[in-house]
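Written below as structure tokens is the structure these notes are about.
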There are 2 protein chains.
Amino acid sequence: MGTLPTPAPPCDPRVARSRAKLLAAATEILIETGPSSVTVDAVAERSGVAKSTLYRHWESRSALLVDVLRTHRPEVSEPRLDLGFEAALRQQIDHLATQLSDPEWGRILPALFALTQQFPEVADLEECDREEKMASVRTILDLGVAEGRIAPGYDPTLMMTTLVGPIMMCALIRQSDRAHEVAHAALDAFFALHPPRG
Amino acid sequence: MGTLPTPAPPCDPRVARSRAKLLAAATEILIETGPSSVTVDAVAERSGVAKSTLYRHWESRSALLVDVLRTHRPEVSEPRLDLGFEAALRQQIDHLATQLSDPEWGRILPALFALTQQFPEVADLEECDREEKMASVRTILDLGVAEGRIAPGYDPTLMMTTLVGPIMMCALIRQSDRAHEVAHAALDAFFALHPPRG
DNA sequence: CATCAACGATACGATACAGTATCGTTCTAC
DNA sequence: GTAGAACGATACTGTATCGTATCGTTGATG
């Protein structure tokens, strides 16, 4: 539920360099052939960093894998409540589409959902990510209530799913390039159901 | 694209029995701890069927894994075009929600997307499944065109994603029990954007 | 420039897993 | 009831992988 801690940035440039190389290599492998191919030996070889160094930075393979997911997790932007309900929601969902249309994250996403069953830390990560998104959308929907366009007892999960689901599916079926179109369509439908002065 | 062949049903009841036991065990393990836990030894032990028997039915671990996915893949129902556009689409999407709200399939789904990168056969399976759904929805949307509610040059992928995405997300975030609500909300929004006599 | 931490290379042990092979047993089908 | 297929049990090989240990080298920092 809380915020997931990020380790303090290391002083020695060597550790930052090898850490970055290892994370990059692990990400590449994850994207190309899936989580089970992210082995310590494979990551070490591709990164050009020794295996012993890897174990100086992560205590296990799974810790590295989780870190790959956490590192690439997109940050949610602050809602632009000053724009008013409709524009703010459009802006926020469109921003989400931008993040999900990043081809890297789009190919990490399936692994995130699948690894949820295997590693509790990944489940926490997914839940945290989702709740962050939810919270930001909720503040916008509350503005919608104030503007009289959303019923006060609205169901945030329901609306969140309706708006974000299409974009997520877009990424999962490897059509990330159409994320913005899809987001636009979902928004149009949503606002058709919740018209001004409703 | 084409139809994926199903092997002819075996005559000997023994092979049907051991096949079923192995598939059931593999499914359980897949659901509980993910694809990488579906090992030959684990499946054999849990099913109570000998490993040698497993290899008499599948030529490799991955063949078994793919078969688990294929076996549980929901069938798409025939569109009820006689109901008219709106009722037919509602019926079809609601049916999809029923299938995706099956807790088993809901927990297999993430594995399906993740294994896409690793096994081409899984990618084919996913694509085939999606195109089946798409085809059935398209016939209904074509009816919508005839009824003057959908523009003739409509984008089937776009609309499909808008309608199915929310349900799929529902399954992925382990809220399968709310699939019907979500489907209903997505449909309401969709029809608000495409009102009668448009 | 001297110290010491980080690194590279590599070997190693332990284990898990895929897939093969063998052989005696059981059950189906005719 | 009998022939043959399916099955169970188990041992075995080879390999992949995780994680540890060692030690000489490099490079950052004071």
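Labels below follow one simple rule: chain letters A, B, ... track the order of the sequence lines, proteins then strands, and each chain is numbered from 1.
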Could you list the protein-to-nucleotides 27-30 of chain C atom pairs, N/O on both sides, closer than 3.5 Å?
residue, atom, partner, partner atom, Å
C:dC27, O2, B:Arg14, NH1, 3.1

Distance-only donor-acceptor test, B:Lys51 side-chain atoms vs D:dG8 base atoms, 3.5 Å: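 Looking at the base of D:dG8, it does not pair with any donor or acceptor on the side chain of B:Lys51 (distance under 3.5 Å).
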
Closest listed nucleotide, where the reference is the side chain of A:Val15 and the choices are C:dA18, C:dA6, D:dC7: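 For A:Val15, the side-chain atoms sit closest to C:dA6.
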
Nucleotide nearest A:Tyr55 when distance is taken to its side chain, options C:dT20, D:dG8, D:dT20: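 Comparing C:dT20, D:dG8, D:dT20 against the side chain of A:Tyr55, the answer is D:dT20.
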
OP1 or OP2 of [N] versus the side-chain N and O atoms of [X]: is any pair under 4.0 Å?
X: B:Arg61; N: C:dA18; result: yes
X: A:Ser18; N: C:dC7; result: yes
X: A:His57; N: C:dC7; result: yes

Can you measure [X] atom [atom1] to [N] atom [atom2] for me and round it to whole angstrom units?
X: A:Arg19; N: C:dC7; atom1: CZ; atom2: P; value: 11 Å
X: A:Trp58; N: D:dC18; atom1: CH2; atom2: C1'; value: 16 Å
X: A:Leu22; N: C:dA6; atom1: CG; atom2: P; value: 15 Å
X: B:Leu54; N: D:dA6; atom1: CG; atom2: C1'; value: 14 Å
X: A:Asp41; N: C:dG8; atom1: CG; atom2: P; value: 15 Å

Lys/Arg-Asp/Glu bridge criterion (N-O < 4.0 Å) met for A:Arg138, A:Asp142: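 Salt bridge flag = no for A:Asp142 with A:Arg138.
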
Test item: B:Arg90 and B:Asp188 side chains (from C-beta on) under 4.5 Å apart, heavy atoms: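 They are in side-chain contact.
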
A:Gln117 side chain near B:Ser37 side chain, heavy-atom distance below 4.5 Å: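 Not in contact.
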
Single hit among A:Glu131, A:His95, A:Gln92 for side-chain hydrogen bond (donor to acceptor under 3.5 Å, both in side chains) with A:Ser136: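 Exactly one candidate clears the test, A:Gln92.
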
Residue among B:Asp67, B:Thr71, B:Thr53 satisfying side-chain hydrogen bond (donor to acceptor under 3.5 Å, both in side chains) with B:Arg19: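 That would be B:Asp67.
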
Residue mapping more 5' on DNA chain C - nearest nucleotide basis, B:Ser52 or A:Lys21: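 Between the two, 5'-proximity favours A:Lys21.
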
Of A:Gly48 and B:Val38, the one whose closest DNA chain C nucleotide lies more 5':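 Result: A:Gly48.
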
Intermediate values then yes/no, side-chain contact (heavy atoms from CB on, under 4.5 Å), A:Leu115 and A:Val66: CA-CA 9 Å; A:Leu115 292 175; A:Val66 171; over 6 Å; no

Residue met sooner reading DNA chain D from 5', once B:Thr53 and A:Arg56 are mapped to nucleotides: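 Residue closer to the 5' terminus by nearest nucleotide: B:Thr53.
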
Modelled atom types, side-chain donor and acceptor of A:Gln118 and B:Ser36, under 3.5 Å: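 Yes, side-chain donor-acceptor contact under 3.5 Å.
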
